[in-house]
Amino acid sequence: MSKITAYTAATRFDSGDKLLKDGTNGTKIITAANAAVEFAGLVSSINHRNVYRGKSLGSTITDDQKTAISEGTFDDLFIGDYWTINSLRYRIADMDYWYNTGASMPRTHHLVIVPDSLGITAVMNSSSVTDGGYVGSEMYTTTSPSVYESLYEVFGDSIFAHEEYLTNAVTSGYPSGAAWYDSQVELMNEIMVFGCLISAASNTGTGIASHTVDKQQLSLFRLNPLMMNIRVGYWLRDVVSSKNFAIAYGSGSAGYDVASNSYEVRPVFGITG
């Protein structure tokens, strides 16, 4: 067998290149693409949220995957990975995003899921008003419960319950009231999608407009901004004015529209093991 120095030098890996690994399970080969992902994941369990893979995970959550979630190892789970269930893609958007947040500060390991599309459109309100903020909207009181029921049929008790600080009053077009609410399925806010407030009504001294536990961009959109753009507009929960809520437009732009127009419902929710 030749010494390793006798082989032709290379400066790059191809995804299909094979590497040799040796360990407790014997000597095996692994592709360079798989090795790259695994090396990143070995840094720490939470570092899985810093790797976009986008792999199909099948049509059901396995027992091994449930264990990896509940134990917080996130073994063989990475950002962008997805399950295809009833022809819909449910994609991993982040990990432990709500860990130790909210009034009760849950310490439950979880995945954050954002579907590519549910194919559901709805108005925020039947008239062009934002009275009552997000919590007072028909989206929250009528549409979201039915969306939750459909998601519960897929994920059951695995859906992660946590707490969100949500707007419940609007004065002169600005959020003027908010409170803690039990949350299972919500619309995303601008920060989760874009990483900052863009159209949302600015702080008027009440602190309501920017008070949220959803204070950082989801890893899905941070690592792969293309995932923001599904070619149809979808509602975000931020109040923009007395008539408008925020939107991620199908054109790829950030914007807003009157509450009585209909756009895609693209929810965010968590699952545990």
Side-chain angles (χ1 to χ4, degrees), residues 45-46 48-49 57 60-74 77 79 81-83 85-86 88-116 118 120 122 124 132-168 177-193 208 211-221 234-238 265-273:
S45 57
I46 199 61
H48 286 230
R49 71 185 293 271
L57 299 173
T60 186
I61 302 177
T62 67
D63 289 340
D64 285 345
Q65 290 167 347
K66 290 180 179 179
T67 299
I69 299 168
S70 63
E71 294 182 353
T73 66
F74 305 118
L77 298 169
I79 301 303
D81 291 357
Y82 60 91
W83 292 273
I85 304 173
N86 298 328
L88 300 175
R89 284 186 176 181
Y90 298 94
R91 199 174 292 271
I92 298 175
D94 218 317
M95 298 167 177
D96 280 354
Y97 186 85
W98 295 297
Y99 191 93
N100 210 24
T101 68
S104 63
M105 296 184 291
R107 294 176 175 87
T108 303
H109 294 296
H110 59 274
L111 296 179
V112 178
I113 305 297
V114 174
D116 288 358
L118 292 180
I120 299 171
M124 290 295 290
Y134 172 61
V135 170
S137 70
E138 294 173 26
M139 175 68 71
Y140 184 87
T141 60
T142 303
T143 304
S144 288
S146 65
V147 171
Y148 168 74
E149 290 299 324
S150 67
L151 294 174
Y152 188 84
E153 291 179 3
V154 176
F155 295 99
D157 291 334
S158 293
I159 294 180
F160 174 63
H162 62 288
E163 293 168 310
E164 290 280 356
Y165 197 73
L166 303 172
T167 59
N168 57 17
W180 289 108
Y181 292 89
D182 292 334
S183 174
Q184 293 171 310
V185 176
E186 306 294 349
L187 292 185
M188 294 179 283
N189 64 12
E190 285 191 313
I191 296 173
M192 298 175 93
V193 178
I208 299 301
H211 190 162
T212 176
V213 297
D214 301 331
K215 56 192 179 293
Q216 59 182 314
Q217 188 177 26
L218 292 174
S219 293
L220 176 66
F221 305 123
Y234 51 95
W235 283 115
L236 304 175
R237 69 175 186 250
D238 307 87
V265 179
R266 193 184 189 191
V268 62
F269 60 98
I271 60 172
T272 66

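When reading the values below, keep in mind they use all heavy atoms of this one structure, side chains included, and skip hydrogens, waters and symmetry mates. Residue numbers start at 1 and run along the sequence shown.
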**Prompt:** If only atom types and distance count, is the side chain of N189 paired as donor or acceptor with the main-chain N or O of I191 below 3.5 Å?
**Reply:** yes

**Request:** Decide yes or no for T212 and Y165: does some side-chain heavy atom of the first lie under 4.5 Å from some side-chain heavy atom of the second?
**Result:** no

**Item:** Those residues that, when tested against D81, pass side chain to side chain contact (heavy atoms under 4.5 Å, CB included) (two or more places apart)
**Value:** R53, K55, L57, F78, I92

**Prompt:** With Y140, which residues qualify under side chain to side chain donor-acceptor pair (under 3.5 Å), at least two apart?
**Reply:** none

**Heavy-atom pair of closest approach, residues V114 and A93** = CG2-CB, 3.7 Å

**Prompt:** Is any side-chain heavy atom of Y90 less than 4.5 Å from a side-chain heavy atom of I271?
**Reply:** no

**Prompt:** Which heavy atom of V112 sits nearest a heavy atom of Y97, and at what distance?
**Reply:** CG2-CB, 3.4 Å

**Prompt:** Quick one: side chain to side chain contact (heavy atoms under 4.5 Å, CB included) partners of S104, sequence neighbours excluded?
**Reply:** P106, E163

**Request:** Mind checking side chain to side chain contact (heavy atoms under 4.5 Å, CB included) for T62 and listing every partner two or more places apart, or none if nothing turns up?
**Result:** D64, Q65

**Complete:** CD1 (I61) and CG (L111) are apart, to the nearest 0.5 Å, by 8.0 Å

Which side-chain N or O atoms in residues 148-160 pair as donor and acceptor under 3.5 Å with protein atoms at least two apart or in another chain?
residue : atom : partner : partner atom : Å
S150    : OG   : V147    : O            : 2.6
Y152    : OH   : D157    : OD1          : 2.6

**Message:** Contact between E164 and V213 at the side-chain level, heavy atoms closer than 4.5 Å - yes or no?
**Reply:** yes

**Message:** Which residues pass the side chain to side chain contact (heavy atoms under 4.5 Å, CB included) test with A161, not counting sequence neighbours?
**Reply:** Q184

**Request:** Measure the spacing between OG of S144 and CD of E138 and express it to the nearest 0.5 Å.
**Result:** 11.5 Å

**Item:** Test item: S70 side-chain N/O and T67 main-chain N/O as donor-acceptor pair under 3.5 Å
**Value:** yes

**Message:** According to ring pair (Phe, Tyr, Trp, His ring centres under 6.0 Å), who are the partners of F221, at least two apart in sequence or on a separate chain?
**Reply:** none

**Message:** Tell me every residue that passes salt bridge (Lys or Arg N to Asp or Glu O under 4.0 Å) with R49, counting only those two or more places apart in sequence or in another chain.
**Reply:** D94

**Complete:** Residue pairs passing the salt bridge (Lys or Arg N to Asp or Glu O under 4.0 Å) test with at least one member in residues 178-190, sequence neighbours excluded, are none

**Message:** I'd like to know if the side chain of N168 reaches the main chain of G132, judged simply by a donor and an acceptor atom lying under 3.5 Å from each other, with no hydrogens or angles considered.
**Reply:** no

**Item:** Heavy-atom pair with the smallest gap, counting every atom of T272 and H109
**Value:** CG2-O, 3.6 Å

**Request:** Sequence neighbours left out, what passes side chain to side chain donor-acceptor pair (under 3.5 Å) with Y99? Give chain and number order.
**Result:** none

**L118 and V265, any side-chain heavy atoms less than 4.5 Å apart** = no

**Request:** Quick one: closest heavy-atom pair of R237 and L187, and the distance?
**Result:** NH1-O, 2.7 Å

**Asked** By side chain to side chain donor-acceptor pair (under 3.5 Å), which residues pair with D116, not counting sequence neighbours?
**Response** R91

**Item:** Results of ring pair (Phe, Tyr, Trp, His ring centres under 6.0 Å) for W98 - residues two or more places apart only
**Value:** H110, H162

**Request:** Any chance you could measure M105, atom CE, to N100, atom CG, to the nearest 0.5 Å?
**Result:** 6.0 Å

**Request:** Compare every heavy atom of P115 with every heavy atom of F269, then report the nearest pair and how far apart it is.
**Result:** CE2-CD, 4.3 Å

